[in-house]
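Position 1 is the first residue of the sequence; numbering continues from there.
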Amino acid sequence: MNTTMDTITTDAAAAKKAAFEANKLSKRLHRQVGQAIGDFNMIEAGDRVMVCMSGGKDSHALLDILLSMRQRAPIDFSIVAVNLDQKQPGFPAEVLPAYLKSRGVEFRIEEQDTYSIVKRLVPEGQTMCSLCSRLRRGVLYRVASEIGATKIALGHHRDDMVVTLLMNMFFGSRMKGMPPKLVSDDGRHVVIRPLAYVAETDLERWAEHRAFPIIPCSLCGNQENLQRVQTKKMIREWERQYPGRIDNMFTAMGNIVPSHMMDRKLYPFETLRATGVADVDGDKAFDEEPCAPPPPAPGALRIAPDSEDTP
């Protein structure tokens with residue numbers, strides 16, 4: 001009898017803790033999405049926001065959070081979910097429509113056989129993401145115009161933005177990231193990324209908590225050697241060794257000092273001259289190197305303050 005009661009008590013405590021953690025995660029996600037929307041003026045009164053649904057954890061979370069925020073937002077805006085059915089073999093076409101109907105959200109399923117185009121044009125063994133992305137982008141732009149969308153919302157998160165910056169540095173020799181808001185290359189649409197401040201690990205936890213019907217992308221066969229996959233593994237390892245490193249890299253993307261880079265289009269190095277006048281806010285010739293914190297000792301627990309730890 002005592003064993004049964006102990007089990008019930010333990011289960012109740014675990015359930016209470018899980019509910020507390022889920023509530024804390026929900027508050028953090030909604031706060032971060034709301035902050036990103038506010039910081040970059042992503043959604044305005046009267047907007048018709050097209051949420052691009054791939055069926056993955058990120059787009060599911062994006063739709064879920066925006067639907068929740070719309071209910072208590074101080075402005076009125078509408079949401080329409082759009083999925084591009086690329087006719088991949090074995091794609092469960094019934095999953096997303098059933099889910100979107102259950103959420104009561106307006107949606108459109110666009111059917112375009114981009115799968116066959118990609119398979120025909122990309123040689124076996126080469127990555128397919130670039131061509132697939134271009135084809136998908138063109139279709140989504142067209143659909144946005146047809147349904148009168150004023151904003152196109154994508155599910156890219158903080159880690160995606162950092163990985164894109166590193167990939168452009170490593171493989172493209174340029175300092176270019178993934179902006180939270182931009183005008184599309186056809187000049188007709190505004191693209192927003194409301195998950196810009198959200199960590200991927202939080203999205204993974206949210207997807208598990210909400211039990212989204214996840215549809216994996218099988219077009220590329222989950223190519224493990226993709227540069228993006230390898231770069232993401234690299235920053236995850238950095239984060240494991242030095243917690244906070246991804247946040248630091250992300251924050252740096254918003255703290256650019258043009259005079260300390262090398263782009264002559266952004267700073268007039270050619271005309272730079274000594275003025276002979278001291279400036280207390282002027283630059284130092286020899287900056288102190290930023291001091292990196294020592295790695296945690298084996299078995300040490302690193303604790304960061306979190307204002308959401310209280311109920």
Side-chain angles (χ1 to χ4, degrees), residues 31-44 58 129-130 133-134 137 141 151-200 226-239 241-294 304:
R31 172 175 54 79
Q32 290 173 334
V33 171
Q35 183 179 348
I37 290 174
D39 285 352
F40 297 95
N41 193 28
M42 292 185 184
I43 299 177
E44 302 169 273
D58 304 329
C129 293
S130 180
S133 177
R134 291 199 302 272
R137 183 167 65 241
Y141 285 170
K151 301 286 173 59
I152 300 175
L154 304 179
H156 298 118
H157 45 72
R158 179 204 67 176
D159 299 41
D160 287 328
M161 298 170 80
V162 171
V163 166
T164 298
L165 173 67
L166 294 177
M167 288 183 63
N168 275 313
M169 292 173 60
F170 296 161
F171 308 111
S173 300
R174 56 184 175 177
M175 294 286 289
K176 180 181 178 181
M178 180 183 282
K181 181 180 180 181
L182 71 148
V183 175
S184 61
D185 50 11
D186 65 0
R188 301 172 59 191
H189 305 95
V190 175
V191 178
I192 59 175
R193 295 183 169 99
L195 300 180
Y197 292 165
V198 178
E200 184 173 24
L226 287 177
Q227 293 170 344
R228 180 169 292 274
V229 173
Q230 295 303 313
T231 305
K232 182 177 291 187
K233 287 181 178 179
M234 180 182 69
I235 68 168
R236 283 284 184 100
E237 178 61 21
W238 286 351
E239 183 70 16
Q241 294 184 35
Y242 302 100
R245 179 163 290 188
I246 296 178
D247 263 335
N248 287 342
M249 289 188 289
F250 179 77
T251 302
M253 295 171 69
N255 288 325
I256 308 298
V257 184
S259 63
H260 282 50
M261 302 303 286
M262 296 177 60
D263 193 333
R264 291 174 292 167
K265 298 186 294 296
L266 297 181
Y267 194 79
F269 293 102
E270 296 90 341
T271 58
L272 196 61
R273 299 288 186 275
T275 64
V277 178
D279 182 355
V280 294
D281 295 321
D283 197 21
K284 306 294 187 295
F286 301 98
D287 292 335
E288 293 183 6
E289 291 294 329
C291 182

J.: Say you draw a straight line from CD of E237 to NZ of K233; how long is it, rounded to the nearest 0.5 Å?
T.: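 That separation rounds to 11.5 Å.
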
J.: Atom NZ in K232, atom CD1 in I246: separation rounded to 0.5 Å?
T.: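 Reported value, rounded in 0.5 Å steps: 10.0 Å.
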
J.: Anything under 30° is parallel, anything over 60° is perpendicular, the rest tilted; go ahead and classify F250 against Y197.
T.: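 Perpendicular.
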
J.: Apply side-chain contact (heavy atoms from CB on, under 4.5 Å) to the pair M253 and L165, showing each step before the final yes or no.
T.: CA-CA 9 Å; M253 295 171 69; L165 173 67; 3.7 Å; yes

J.: What's the shortest heavy-atom distance between L154 and P194, and which atoms?
T.: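 So the two residues come closest at O-CD, 3.8 Å.
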
J.: Without swapping roles, check the side chain of D160 against the backbone of H157 for a donor-acceptor pair under 3.5 Å.
T.: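 Yes: the side chain of D160 pairs with the backbone of H157.
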
J.: Would you find a donor on one side and an acceptor on the other, under 3.5 Å apart, between the side chain of R193 and the backbone of P179?
T.: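 Such a contact is found between R193 side chain and P179 backbone.
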
J.: Between R137 and D185, is there a side-chain N and carboxylate O pair less than 4.0 Å apart?
T.: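 Yes, charged N to carboxylate O under 4.0 Å.
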
J.: Could you check H156 against T164 for side-chain contact (heavy atoms from CB on, under 4.5 Å), going step by step and ending with a plain yes or no?
T.: CA-CA 10 Å; H156 298 118; T164 298; over 6 Å; no

J.: Atom CD in Q32, atom CD in Q35: separation rounded to 0.5 Å?
T.: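 It is 7.5 Å, given to the nearest 0.5 Å.
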
J.: Of the non-hydrogen atoms in E239 and R245, which two are nearest, and what is the gap between them?
T.: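 Minimum heavy-atom separation between E239 and R245: OE1-N, 3.2 Å.
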
J.: Where is the tightest heavy-atom contact between K181 and V190, given as atom of each residue plus distance?
T.: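 That closest heavy-atom pairing would be CE-CG1, 3.9 Å.
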
J.: So, do Y141 and H189 sit near enough that their side-chain heavy atoms are less than 4.5 Å apart?
T.: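 A side-chain contact under 4.5 Å exists here.
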
J.: Could you pull out the closest heavy-atom pair between M261 and M175, with the gap in Å?
T.: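 In terms of heavy atoms, the two residues are closest at CE-CE, 3.7 Å.
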
J.: Report the distance from atom CG of L166 to atom CD of Q230, rounding to the nearest 0.5 Å.
T.: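 So the gap between those two atoms works out to 13.5 Å.
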
J.: Taking all atoms of both residues into account, what is the closest heavy-atom pair of K151 and I43, and its distance?
T.: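 Looking at all heavy atoms of both residues, the closest pair is NZ-CA, 4.0 Å.
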
J.: When rounded to the nearest 0.5 angstrom, what is the spacing between CG in D159 and CG in L195?
T.: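 So the gap between those two atoms works out to 11.0 Å.
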
J.: Looking only at heavy atoms, what is the nearest atom pair of P258 and F269, with distance?
T.: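 Shortest heavy-atom contact: O-CZ, 4.0 Å.
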
